[in-house]
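Just below is one structure, and these are the notes that go with it.
Protein chains get the first letters and strands the later ones, always in sequence-line order, with residue 1 at the start of each.
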Number of protein chains: 2
Amino acid sequence: MSQQRAQSSGVASGGGPGFPDLPEATVARLPEYLRALHNLADAGHDTVSSEGLATAAGVNSAKLRKDLSHLGSYGTRGVGYDVTLLIEQIEQVLGLHETRAVALVGIGNLGHALARYAGFASRGFHIAALFDADRDRVGELVNGMAVRHMSDIAAVVADEGISIGVIATPADAAQVVADDLVAAGVTSILNFAPCVLAVPDGVDVRKVDLAIELQILSFHEHRKSTLTALPAKVVGQ
Amino acid sequence: MSQQRAQSSGVASGGGPGFPDLPEATVARLPEYLRALHNLADAGHDTVSSEGLATAAGVNSAKLRKDLSHLGSYGTRGVGYDVTLLIEQIEQVLGLHETRAVALVGIGNLGHALARYAGFASRGFHIAALFDADRDRVGELVNGMAVRHMSDIAAVVADEGISIGVIATPADAAQVVADDLVAAGVTSILNFAPCVLAVPDGVDVRKVDLAIELQILSFHEHRKSTLTALPAKVVGQ
DNA sequence: AGGCATTTGTGAAGACTTGCACAAATCGCG
DNA sequence: CGCGATTTGTGCAAGTCTTCACAAATGCCT
Ligand SMILES: NC(=O)c1ccc[n+]([C@@H]2O[C@H](COP(=O)([O-])OP(=O)(O)OC[C@H]3O[C@@H](n4cnc5c(N)ncnc54)[C@H](O)[C@@H]3O)[C@@H](O)[C@H]2O)c1
Ligand SMILES: NC(=O)c1ccc[n+]([C@@H]2O[C@H](COP(=O)([O-])OP(=O)(O)OC[C@H]3O[C@@H](n4cnc5c(N)ncnc54)[C@H](O)[C@@H]3O)[C@@H](O)[C@H]2O)c1
C-alpha cells in the first residue's frame with residue numbers, strides 16, 4: 001500500500017533506453033506549455049520565443065527554458081522554438097502519441113458532465129466506458145454511450161485496454177471502486193471524491209478536490225480582509 | 001496585471017494583528033487535514049495523534065506536525081491533538097468561520113454539476129448566484145436557483161456580498177468573464193477553463209484543468225510502459 | 001565576410017520544502 | 001510522588017525548485 005502524494009521529485013530512468021530524468025514540477029507544467037503551443041499553432045505562429053511561450057503559459061521564461069532543456073535542445077538561439085516540433089516533442093514525452101482509454105466510474109452529477117465533455121478526446125484521451133453501481137442507471141445513454149454495471153468492469157477494462165480510471169462516486173464508495181479498478185488492471189486513477197485512496201505500488205493517483213481549492217482561496221480572502229493593503233499576487237496551484 | 005502561479009511561498013503578514021506567516025505548501029494541506037478531522041469527529045474520536053491524522057490525510061507525520069506548529073501549539077505531548085479544537089483552529093485560519101458567497105458563471109455541462117453539488121455548502125461556501133450569457137438559459141431553474149444574465153453581475157455581486165467567482169465557461173470566454181467578475185468586485189477566482197487568466201494585483205486565481213491531470217497521469221503511464229519494473233509511487237499533485 | 005542584435009541553454013545562488021532525529025512535555029500507573 | 005511510555009515541537013541537513021545572469025550560438029544586415 002502506498003499513500004497519497006509523492007516524495008521523490010526526480011522521475012528516475014536509470015540508463016535505459018527511456019527518457020531522461022524529468023523533475024515532477026516540470027512534468028506538471030508540460031501540459032500547460034502544450035496547450036499554449038496549440039493555441040499559437042492555431043494562430044499561425046511557426047516559431048515562438050521562450051518569453052512568448054512563457055507569457056502564454058503563465059510562467060517565468062527562465063523556468064520554461066529550463067523545463068524544455070530537460071527534453072533536449074530543440075530551440076534555436078536567436079530565433080526561438082519551432083512550434084510544431086515542440087508540440088511533437090512534448091506529446092512524445094507525455095506519451096500522448098497513443099490515445100489512452102479511460103474508464104469513468106460514477107455517472108451522477110459530475111460523471112454526466114465529464115462524460116459529455118469534448119475536451120478529453122481532443123487532448124488524446126478516449127472515454128471507453130462508463131460504470132455505475134446503480135442498476136437504475138445501467139443502460140442509460142450518456143453522450144451516445146451506455147452506462148454499464150460495475151460487475152462488468154474487469155472484462156471491459158481488459159477488452160478495451162483501459163489504463164486510466166476516473167472516480168466520480170461519493171467518497172465512501174471511492175476506495176472500493178479504486179480497488180475494483182486496480183484489480184481490473186488500471187494503473188492510473190484520477191479521483192474526484194474527497195478522500196485519500198490507498199493503492200498498491202505501481203499505481204498512480206491524482207486527486208481533484210474543488211472544496212479544497214475554494215478553501216485555499218478562502219484563506220487568501222481572509223488574509224486580504226484581515227491585513228490591509230498587501231500586494232497579494234496570484235496564487236500558485 | 002499579474003500572471004498565473006505564485007513565486008513567493010511565504011504568506012507575509014508583517015507585524016500586524018493578523019496571522020503569522022504560513023507557507024503556501026502548508027495552506028494547501030490544511031483543507032485536507034480539516035476534512036480528515038471532520039471524519040474523525042464523526043467517528044467519535046476526541047483526540048488524534050499526528051501519526052493518526054497524517055495517515056488519514058495521506059501525508060508524513062513530521063510534515064503534519066510542522067504544518068500545525070505554524071498555527072501555534074494546540075497539541076498535547078503524550079496525547080495528541082484535540083479534534084474539535086483543531087477543527088476550530090484550522091477553520092479560523094482558513095477564514096471559514098464566515099460563510100463565503102460564490103458566483104458561478106457558465107451553466108453548461110460542468111456548471112450544472114457544480115450548481116447541484118451539495119459538497120460546497122457543507123464546507124462553508126454558499127452558491128449565491130448563477131450566471132450565463134445565453135439568453136435561452138437565463139431563468140432556468142438549477143437546484144432551485146434561477147440562472148441570471150451576465151448583465152446583472154455587477155449588481156448581484158454587490159448585493160449578495162460575493163467575493164469568489166467560479167468560471168465554467170468555454171476558454172475563449174473566460175478572460176472576458178474574469179474581467180467582468182473583477183469589475184464587479186470579486187477578488188478570488190476558481191477557473192475551470194483551460195486558459196491563463198490575467199487579473200489585477202490583489203485578485204487570486206486558482207485553476208483546475210482536468211485534461212492536465214490526465215496528461216500527467218499519461219506521462220507516468222508512458223514511463224511505466226517504457227521502463228520496466230520501476231517502483232512508481234503515487235504521484236503528488 | 002564581419003559585426004550586431006537576439007535568444008537559448010545552463011552554472012550558480014538562493015529560497016522553499018521535506019523528513020529525520022531527539023529533547024521537552026505530558027499522562028497514567030504503581 | 002516519581003518513573004516510564006508516549007507524543008509533540010523543532011533544529012538541522014538534505015533535497016527540490018526557482019530565478020538570475022551570462023556565455024554561446026544563431027540569423028540578419030550591411
Ligand atoms: N458535482 C460536483 O460538482 C462535484 C464537485 C466536487 C466534487 N464532487 C465529488 O464527486 C463525487 C461525485 O459527485 P456527484 O455530485 O456526481 O454525486 P452523485 O451522487 O450525483 O453521483 C454519484 C454516482 O456514483 C454512483 N455510485 C455510488 N456508489 C458507487 C459504487 N460503489 N460504484 C460505482 N458507482 C457508484 C451513484 O450511483 C451515482 O450515480 C463526489 O465524491 C463528490 O464529492 C462533485
Ligand atoms: N464538462 C466537463 O466535464 C469539463 C471538464 C474539464 C473542463 N471543462 C471546462 O469547463 C468549461 C465549461 O465546460 P462545459 O462542458 O460545461 O461547457 P458548456 O459549453 O456545456 O457550457 C459553457 C456555458 O458557458 C456559457 N457561456 C459562454 N460564454 C459565456 C460568457 N461570455 N459569459 C457567461 N457564460 C458564457 C454558455 O452559454 C454555456 O452555458 C470549459 O472551459 C471546459 O473546457 C469542462
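The side chain of B/Glu24 lies closest to C/dT17, out of C/dT17, D/dG27, D/dT8. Nearest nucleotide to the A/Ala25 side chain, out of D/dT18, C/dT17, C/dC27: D/dT18. In this structure, of D/dC20, D/dC17, D/dT10, it is D/dT10 that holds the atom nearest to the side chain of B/Ser69. Checked against D/dT7, C/dC20, D/dT18, the side chain of A/Arg29 finds its nearest nucleotide in D/dT18. Comparing atom distances between the A/Lys63 side chain and each of D/dA21, D/dT19, D/dT26 picks out D/dT19 as nearest. Checked against D/dG27, D/dG9, C/dT8, the side chain of B/Ser73 finds its nearest nucleotide in D/dG9. For A/Arg77, the listed nucleotide lying nearest its side chain is D/dA25; candidates were D/dA25, C/dG19, D/dG27.
Dashed line: the shortest gap from a side-chain N or O of B/Tyr81 to OP1 or OP2 of D/dG9 is under 4.0 Å. Using a 4.0 Å cut-off, some side-chain N or O of B/Ser50 falls inside it from OP1 or OP2 of D/dT8. Taking 4.0 angstrom as the limit, A/Thr76 places none of its side-chain polar atoms (N or O) nearer than this to OP1 or OP2 of D/dT26. Side-chain nitrogen and oxygen atoms of A/Asn60 include none within less than 4.0 Å of the OP1 or OP2 phosphate oxygen of D/dC17.
Atom CG of A/Asp67 is separated from atom P of C/dT10 by 13 Å (rounded to the nearest Å). Atom CZ in A/Arg65 sits roughly 16 Å away from atom P in D/dA25 (whole-Å rounding). Distance OH (A/Tyr74) to C1' (D/dA25): 18 Å, rounded to an integer number of Å. A/Tyr33 has its OH atom 13 Å from the P atom of C/dT8, to the nearest Å. Counting to the nearest Å, the P atom of D/dT8 and the CG atom of B/Leu86 are 11 Å from each other. Rounded to whole Å, atom P of C/dT17 lies 9 Å from atom NE2 of B/His70. The CG-C1' distance, from B/Asp82 to C/dC27, rounds to 15 Å in whole Å. Whole-Å rounding puts the A/Leu68 CG to C/dT8 P distance at 9 Å.
When only modelled atom types and interatomic distance are considered, B/Thr47 and B/Asp82 share no side-chain donor-acceptor pair under 3.5 Å.
In this structure, B/Arg123 does not pair ionically with B/Glu91, as no charged nitrogen and carboxylate oxygen lie closer than 4.0 Å.
Note that the NE2 atom of B/His126 and the OG1 atom of B/Thr99 stand 8.5 Å from one another [nearest 0.5 Å].
Between B/Tyr33 and B/Ala57, the shortest heavy-atom distance links the atoms CD2-CB, 3.7 Å. Considering every non-hydrogen atom in both A/Ala56 and A/Arg35, the closest pair reads O-NH2, 4.0 Å.
Nearest-nucleotide mapping onto DNA chain D: of A/Thr26 and A/Val79, the residue sitting toward the 5' end is A/Thr26.
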Residue pair B/Phe192, A/Leu210: steps toward the side-chain contact (heavy atoms from CB on, under 4.5 Å) verdict: CA-CA 10 Å; B/Phe192 285 91; A/Leu210 312 188; 3.7 Å; yes
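At a cut-off of 3.5 angstrom, counting only N and O atoms as typed in the model, there is a donor on one side and an acceptor on the other between the side-chain of B/Lys66 and the base of C/dG19.
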